[in-house]
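Structure first, then comments.
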Amino acid sequence: MTTKQHQRPRIIGLDIIKSLAIFLVVLIHYCYYTNFIAFTPANEFGILIAAIGVPLFFMVNGYLLLHARFDFGKHKHRIVQTLVVLLVWEIVSLPIISWLNNRTPISWKNVPGYLLGTPWTDSPLGYFWFMNALIAIYLVFPMLKQAYDSQKGRHYLGWLTVILIILTLVANDGNNLVDAIGFYTHTTIAEPFGYLVDFNIFGKYSFALIYFLLGGFVEDISAFLTKITGKRHWLANLALVVVFILGWLMALCLWLYQRANKISLGFGLTNGYMTFSTLFMAVSLFILLVEIKTLPKPMTKLITIAGANTLSTYYLHMMLILIILKIIRKSGIATPMILNLLIVIVIFAIGTLAGYALRRIPIIGILFGRRLPSKRQKTKNQRISKPTDRQRKPSGFISDAGRK
């Protein structure tokens with residue numbers, strides 16, 4: 001029987017990670033679509049951290065789902081609900097964002113492909129790729145979980161992770177290094193890892209699976225780090241901070257090269273998710289933050305609300321960015337860096353509060369993170385002696401992943 005007395009406690013560290021991740025996603029999209037922030041090395045150095053927003057979400061999902069008890073029926077229910085909610089948001093967002101984006105006309109012949117994951121090139125609707133990649137992982141998750149739950153299988157998953165890192169990160173960063181050497185020495189050098197990318201059977205979004213699996217191996221990485229530092233937590237934390245700073249500096253160097261070579265003409269790195277710099281920053285920061293157990297009570301409440309409503313912010317943030325873009329352009333006001341950061345915070349807050357309020361409404365709430373119980377859950381709930389008690393379980397959803 002699941003009652004309030006038997007609730008699994010929320011992991012405040014995961015809520016912090018999710019809140020930070022969605023804030024960074026909003027920040028990088030705000031920078032990209034408004035062009036209100038000057039492209040300077042100083043600004044880019046600060047905003048480069050935004051590259052870890054999406055990887056952190058995949059890691060949260062991997063951390064929770066790979067450690068949770070698996071039920072195939074509930075998992076199929078999760079996939080169906082996630083897919084239906086995504087389709088509804090794609091349908092709703094298309095006319096709204098097309099209108100906000102200078103009333104871009106809709107070519108209806110492209111709608112079927114768009115609903116199946118094809119990027120909509122005429123409007124800023126490409127951010128739905130994240131949910132498509134997450135659903136793809138959900139589809140193969142039963143096999144991943146089966147392997148993860150056995151010692152030998154976990155060894156094989158570790159091997160798979162290493163292979164994916166070679167085919168994705170090593171290939172991408174190897175080509176970046178060779179290209180940079182050729183650029184600065186004014187010589188033409190063929191990319192040695194060019195064909196290695198073609199051998200990656202998981203495609204260009206294989207990095208999503210890398211971060212998902214790394215989320216499951218976080219505790220192993222943390223235990224290894226504790227072992228080599230002799231259980232001196234301060235030394236382990238210092239090592240993680242050093243790794244994070246190293247990744248940050250690597251990202252800045254890569255951006256300066258891409259900027260000079262006109263590979264990247266805006267904020268962020270080209271193929272930034274497929275770099276060791278992003279991996280170093282994401283993994284080190286995740287391990288540091290997930291260890292946080294307590295916060296002051298008012299802050300805990302705010303972080304819990306934000307962490308439980310990231311799905312709402314994810315689906316609403318692009319509409320809010322375009323609305324604010326129109327308002328600022330019409331007013332003609334200047335937007336210094338501090339004002340831009342405040343605007344991003346406002347977008348983050350509106351998305352969070354919208355989710356907090358609307359997910360309580362029976363039907364509409366499903367679009368904002370409220371989950372429909374599966375048939376098995378309904379049957380189980382009928383046997384609970386106190387029908388007012390609510391079941392709250394760990395989830396791999398970006399909307400309510402905070403319990404373990």
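In what follows, every heavy atom counts, from backbone to side chain, and hydrogens, waters and symmetry copies are set aside.
- Taking Asp179 as the reference, nothing meets the salt bridge (charged side-chain N to carboxylate O under 4.0 Å, His left out) condition, with sequence neighbours excluded.
- A donor atom on one side chain and an acceptor atom on the other are found under 3.5 Å apart for Thr168 and Asn200.
- By the side chain to side chain donor-acceptor pair (under 3.5 Å) test, Tyr211 pairs with no residue at all, sequence neighbours left out.
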Open item on the list: For Arg154 and Asp220: C-alpha separation, side-chain torsions, deciding distance, then whether salt bridge (Lys or Arg N to Asp or Glu O under 4.0 Å) applies.
Closed with: CA-CA 11 Å; Arg154 186 177 296 198; Asp220 300 281; 3.7 Å; yes

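- Ring centroids of Phe70 and Phe141 are separated by less than 6.0 Å, placing the two rings close together.
- Side-chain atoms of Tyr315 and Ser93, non-hydrogen and from C-beta on, never get closer than 4.5 Å to each other.
- By the neighbour-count criterion of 12 heavy atoms within 6.0 Å, atom CE of Met299 is sparsely surrounded, having that number or fewer from other residues, nucleotides or ligands.
- Tyr33 and His29 have perpendicular rings, their planes meeting at more than 60° on a 0 to 90° scale where under 30° would count as parallel.
- Thr313 is linked by a side chain to side chain donor-acceptor pair (under 3.5 Å) to nothing, counting only residues two or more places apart in sequence or in another chain.
- Under the 6.0 Å cut-off for aromatic ring centres, Phe207 and Tyr273 qualify, their centroids lying closer than that.
- In this structure, Phe368 and Trp89 have perpendicular ring planes: the angle between them is above 60°, well past the 30° mark.
- Note: Phe183 and Tyr257 have perpendicular aromatic rings, judged against thresholds of 30 and 60 degrees for the angle between ring planes.
- Here the two rings, on Phe348 and His317, have centers that are 6.0 Å apart or farther.
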